[in-house]
Amino acid sequence: MQLGLIGLGKMGGNMRERIRRAGHTVIGYDRNPEVSDVKSLAELVEKLDAPRHVWVMVPAGTATQTVVDELGDLLEPGDTVIDGGNSRWTDDEKHAAALGIKGIGFVDAGVSGGVWGLQNGYALMVGGDKEHVDRLQPIFDALKPEGPYGYVHAGRVGAGHFSKMVHNGIEYAMMQAYAEGWELLEKVHSVENVREVFRSWQEGTVIRSWLLDLAVNALDEDEHLQKLRGYAEDSGEGRWTVEAAIDNAVPLPAITASLFARFASRQDDSPQMKMIAALRNQFGGHAVEKKD
């Protein structure tokens, strides 16, 4: 099967390789000519036989919109666009409608696996009409992990990215729980080998997971994480998850708290804590720390 793949970064480049290893033809385009197979989107489309299938792996938002718009002008009725980036599900609905007017199919694919996907496979959460999804099944089979799990046709257009968004929200909360437990273990004097405590949890415990394995990898590289700054960005999907929860009146206390914890990490001197310190001093005479 032929596939056009736009965006050959850390994930896109590895996806191209995994699909090729499964025996399919992949023509990749990237703005970096050193990794690109063609010089332009137009050339990519020209090299594909109809009906064409073009997978987009570029940053969500403006970059994805620009590529989808250009593909809408280059592709023909019967072709299909797959957005495998971290787009918001509401954008999927707009893209599907705009391309549908031209007879071009649209599928959204939430992709999880990161830099380990080439080796382990990618978990895929797919949204779109059955006819478009079925046409792409050989590519999904090439990307997914070995075995019965790791792929789902989640529902209509937008369902793939919505599922991936919730997946990432859960990921936020799980990482936050591991991080809080690690900090508490590091704080007490009685626990002398925090790294090995984490390692001991990798087998036989109810909290074992791939994230725990990655935490142990990180502690092996830097036992007390002294080389890192306590600062964490958010990709946007955590925010979208909380917004969706509000829209649907679904309580998400753990995921919401984990998102706010990331915001707190960006404040070297928290304005909120200034007010709390001031109030504690006012009502209880508690000591406050002064700036130099």
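Computed from a predicted model, the values in this text were never measured in an experiment.
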Between L143 and V133, is there shared hydrophobic-cluster membership here, with clusters defined by ILVMFWY side-chain heavy atoms closer than 4.5 Å? yes
With salt bridge (charged side-chain N to carboxylate O under 4.0 Å, His left out) as the criterion, how do D79 and K102 come out once you've worked through the C-alpha distance, each side chain's angles and the decisive distance to 0.1 Å? CA-CA 10 Å; D79 296 343; K102 301 179 179 182; over 6 Å; no
Calculate, to the nearest 0.5 Å, the distance between atoms CG and OG1 belonging to L71 and T64 respectively. 10.5 Å
Hydrophobic cluster membership, with links at side-chain heavy-atom distances under 4.5 Å among I/L/V/M/F/W/Y: are V188 and L185 in one? yes
When clusters are formed by joining ILVMFWY residues with side-chain heavy atoms under 4.5 Å apart, either directly or through shared neighbours, do I139 and L8 land in the same one? yes
Working to the nearest 0.5 angstrom, can you tell me the gap between D234 CG and F263 CZ? 5.0 Å
In terms of heavy-atom contacts, does CD of E233 have more than 12 from other residues, nucleotides or ligands at under 6.0 Å? yes
Quick test of your reading of the model: are R208 and D213 salt-bridged, counting only N-O distances below 4.0 Å? no
Pi-cation contact, Y122 with R18 (under 6.0 Å, within 45°): no
Let me see the working for R88 and E243 under salt bridge (charged side-chain N to carboxylate O under 4.0 Å, His left out), right down to the final yes or no. CA-CA 12 Å; R88 189 181 175 102; E243 289 170 4; 3.1 Å; yes
S265: partners by side chain to side chain donor-acceptor pair (under 3.5 Å), with sequence neighbours left out: none
Using modelled atom types and a 3.5 Å cut-off, is there a donor and acceptor pairing between side-chain atoms of H153 and backbone atoms of G128? yes
Any salt bridge linking R20 with D37? Criterion: basic side-chain nitrogen under 4.0 Å from a carboxylate oxygen. yes
Evaluate the side chain to side chain contact (heavy atoms under 4.5 Å, CB included) criterion for residues L124 and V152: first the C-alpha distance (whole Å), next the side-chain angles of each, then the deciding distance (0.1 Å), finally the verdict. CA-CA 6 Å; L124 303 170; V152 62; over 6 Å; no
Is E183 paired with K187 through a side-chain N to carboxylate O contact shorter than 4.0 Å? no
Is there a path of hydrophobic side-chain contacts, each under 4.5 Å between heavy atoms of I, L, V, M, F, W or Y residues, that connects L74 with L5? no
Is any side-chain N of the basic residue among D92 and R156 closer than 4.0 Å to the acidic one's carboxylate O? no
Any chance you could lay out the side chain to side chain contact (heavy atoms under 4.5 Å, CB included) test for E223 and N193, step after step, and finish with the verdict? CA-CA 9 Å; E223 183 173 357; N193 201 334; 4.1 Å; yes
For a salt bridge (charged side-chain N to carboxylate O under 4.0 Å, His left out) check, start with the C-alpha distance between K164 and D108, then their side-chain angles and the critical distance, and finish with the verdict. CA-CA 10 Å; K164 176 59 164 44; D108 60 288; over 6 Å; no
When hydrophobic residues are tied together by side-chain contacts of less than 4.5 Å, even through go-betweens, does L3 share a cluster with V35? yes
